[in-house]
Amino acid sequence: MDMIDPFGRSISYLRVSVTDRCDFRCTYCMAEDMTFLPKKDLLSLEELDRLCTVFIEKGVKKLRLTGGEPLVRKNVMHLIRQLSRHIESGALEELTLTTNGSQLSRFAGELADCGVRRINVSLDTLDPDKFHAITRWGHLSKVMEGIDAAQAAGLHIKLNAVALKGFNDTEIPDMLRWANGRGMDLTVIETMPMGEIDADRTDQYMPLSLLRANLERQLTLTDIPFKTGGPARYVDVAETGGRLGFITPMTHNFCESCNRVRLTCTGTLYMCLGQEDAADLRAPLRASEGNELLSNAIDEAIGRKPKGHDFIIDRRTNRPSVSRHMSVTGG
Ligand code: SAM
Ligand code: SF4
């Protein structure tokens with residue numbers, strides 16, 4: 001009994017933000033002085049496990065942990081270890097995470113041991129000074145150690161870079177050569193207007209159509225039908241023999257094939273990254289020991305998954321389209 005939304009899309013992918021906290025403060029993602037959710041509102045690791053398990057029973061095949069930074073949640077490996085039973089049983093096809101890489105050198109081996117095969121690492125630049133500037137609190141060397149450790153543990157890595165005008169747009173060809181040279185795909189992402197940040201988003205916004213045109217002056221890009229289950233569209237890069245992905249929420253609408261929903265660390269389910277509508281699953285989770293109320297609440301929520309988002313980055317309003325930060329729903 002799969003979950004099918006009103007537009008006939010089968011919901012098989014759950015992303016769970018296990019914490020909204022982070023050890024970085026990337027300028028496009030967070031304000032430096034962030035107010036986080038009160039700790040008392042957080043779901044326990046056991047509750048997160050129970051929620052994920054119900055989703056898996058209802059047809060979720062792919063589970064991605066994200067945040068905030070998922071690896072800074074206390075005892076997160078306990079949750080991952082628990083969830084790995086669904087990989088072993090075959091109920092879940094993929095258990096994965098999106099991380100900034102800061103803690104990877106510590107956890108890479110254990111992640112591989114829990115059945116994690118692929119991870120996404122966010123990396124916007126290969127220049128240590130620029131890295132520190134964009135993350136405010138991060139150190140590139142630590143992330144590089146993490147990437148080394150993850151590859152040594154046999155994890156496949158996809159790198160994600162947010163394209164930022166005047167910051168890394170001219171560096172993307174070098175990043176691509178470096179990533180592909182180490183057997184990693186790279187995906188570039190357009191900035192999305194989510195949450196108040198200290199910077200002006202219209203200054204940072206870089207349409208990927210423009211980035212692609214610039215890249216094609218030095219690289220040969222060929223569209224390919226390759227898919228990873230996400231919204232990226234891929235090209236082959238003749239010069240590197242690797243792949244480059246484009247995620248274009250702003251310039252290209254990929255909502256038609258959306259197969260995912262997002263759960264926050266307080267048990268709020270967002271049916272669309274770009275809409276405010278949400279369903280509270282914490283109350284039905286806590287209301288009884290059985291899962292019937294929870295299951296009904298999930299069905300009801302999927303029944304109102306919207307057709308798509310309407311992000312715009314508009315100079316006149318200069319306000320986020322969605323007030324919550326990306327770190328709440330985890331991208
Ligand atoms: N902390 C982890 C990380 O950075 O990979 C996971 C959470 S982070 C919110 C997930 C992804 O969202 C990262 O790749 C980040 O670059 C991206 N992101 C954050 N804010 C964004 C925004 N406003 N627009 C587009 N992507 C954003
Ligand atoms: Fe933290 Fe990821 Fe947001 Fe950067 S993008 S501040 S690493 S949650």
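Every number for a ligand or one of its atoms is a count from 1 in the order of the listing. Note that the coordinates shown come from a computational prediction; the quantities given were computed from them, not determined experimentally. For reference, positions follow the sequence shown, starting with 1. The analysis underlying the following values was restricted to heavy atoms, covering all of them including side chains, and did not include hydrogens, waters or symmetry mates.
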Report task. Evaluate the criterion salt bridge (charged side-chain N to carboxylate O under 4.0 Å, His left out) for residue pair Arg212 and Asp223; output intermediate values, then yes/no. Result -> CA-CA 12 Å; Arg212 180 171 175 157; Asp223 288 303; 3.1 Å; yes

Report summary line: Which of Val261, Asp277, Thr264 passes side chain to side chain contact (heavy atoms under 4.5 Å, CB included) with Leu269? It is Val261

Query raised in the report: Asn100 pairs by side chain to side chain contact (heavy atoms under 4.5 Å, CB included) with which of Val143, Thr135, Asp23?
Result: Asp23

Report task. Using ring-ring contact (aromatic ring centres under 6.0 Å, His included) as the criterion, list what pairs up with Phe55, not counting sequence neighbours. Result -> none

Report task. Only heavy atoms count here, so choose which of Gly67, Ser122, Gly195 is nearest to atom 7 (C) of ligand 1. Result -> Gly67

**Report entry** All salt bridge (Lys or Arg N to Asp or Glu O under 4.0 Å) counterparts of Asp127, not counting sequence neighbours
**Finding:** none

Requested in this report: Check whether any heavy atom of Glu190 sits under 4.0 Å from an atom of ligand 1.
Outcome: yes

Report task. Would you name the heavy atoms of Asp20 and Met30 that are closest together and state the gap between them? Result -> O-CE, 3.8 Å

Query raised in the report: Under 4.0 Å between a Lys/Arg side-chain N and an Asp/Glu carboxylate O for Glu46 and Arg50?
Result: no

Query raised in the report: Between Asp5 and Arg9, is there a side-chain N and carboxylate O pair less than 4.0 Å apart?
Result: yes

Requested in this report: Report yes or no: does Asn168 contribute a side-chain atom to a donor-acceptor pair with the main-chain N or O of Asp124 at less than 3.5 Å?
Outcome: yes

Query raised in the report: Can you find a heavy atom in the side chain of Tyr234 that is under 4.5 Å from one in the side chain of Thr187?
Result: yes

Query raised in the report: Can an N or O of Tyr28 be found at a distance shorter than 3.5 Å from an N or O of ligand 1?
Result: yes

Query - Atoms in ligand 1 with a heavy atom of Thr66 nearer than 4.0 Å - result: 6 (C), 7 (C)

Query - Atoms in ligand 1 with a heavy atom of Met192 nearer than 4.0 Å - result: 22 (C), 23 (N), 24 (N), 25 (C)

Report summary line: Contact region, Thr98 to ligand 1, non-hydrogen atoms below 4.0 Å, reads both

Report task. Could you check whether the rings of His132 and His139 sit parallel, tilted or perpendicular, using 30° and 60° as the cut-offs? Result -> parallel

Query raised in the report: Which atoms of ligand 1 are found less than 4.0 Å from any heavy atom of Cys29?
Result: 19 (C), 20 (N)

Query raised in the report: Quick one: does Asn160 get an N or O within less than 3.5 Å of an N or O on ligand 1?
Result: no

Query raised in the report: Closer than 4.0 angstrom: is that true for some heavy atom of Gly68 and an atom of ligand 1?
Result: yes

Query raised in the report: Near Val162, which atoms of ligand 1 are under 4.0 Å from a heavy atom of that residue?
Result: 16 (O), 26 (N)

Query raised in the report: So which protein N/O/S atoms does atom 1 (Fe) of ligand 2 have within less than 2.8 Å?
Result: Cys22 SG

Requested in this report: Considering the heavy atoms of Thr99, write down every atom of ligand 1 situated less than 4.0 Å from one of them.
Outcome: 2 (C), 3 (C), 5 (O)

Query raised in the report: Does any pair with a residue in residues 143-164 pass salt bridge (Lys or Arg N to Asp or Glu O under 4.0 Å), and if so which ones, sequence neighbours excluded?
Result: Lys142-Glu145, Asp148-Arg182

Requested in this report: Pick one of side chain, backbone, both or neither for how Asp124 approaches ligand 1, counting any non-hydrogen atom pair under 4.0 Å.
Outcome: neither

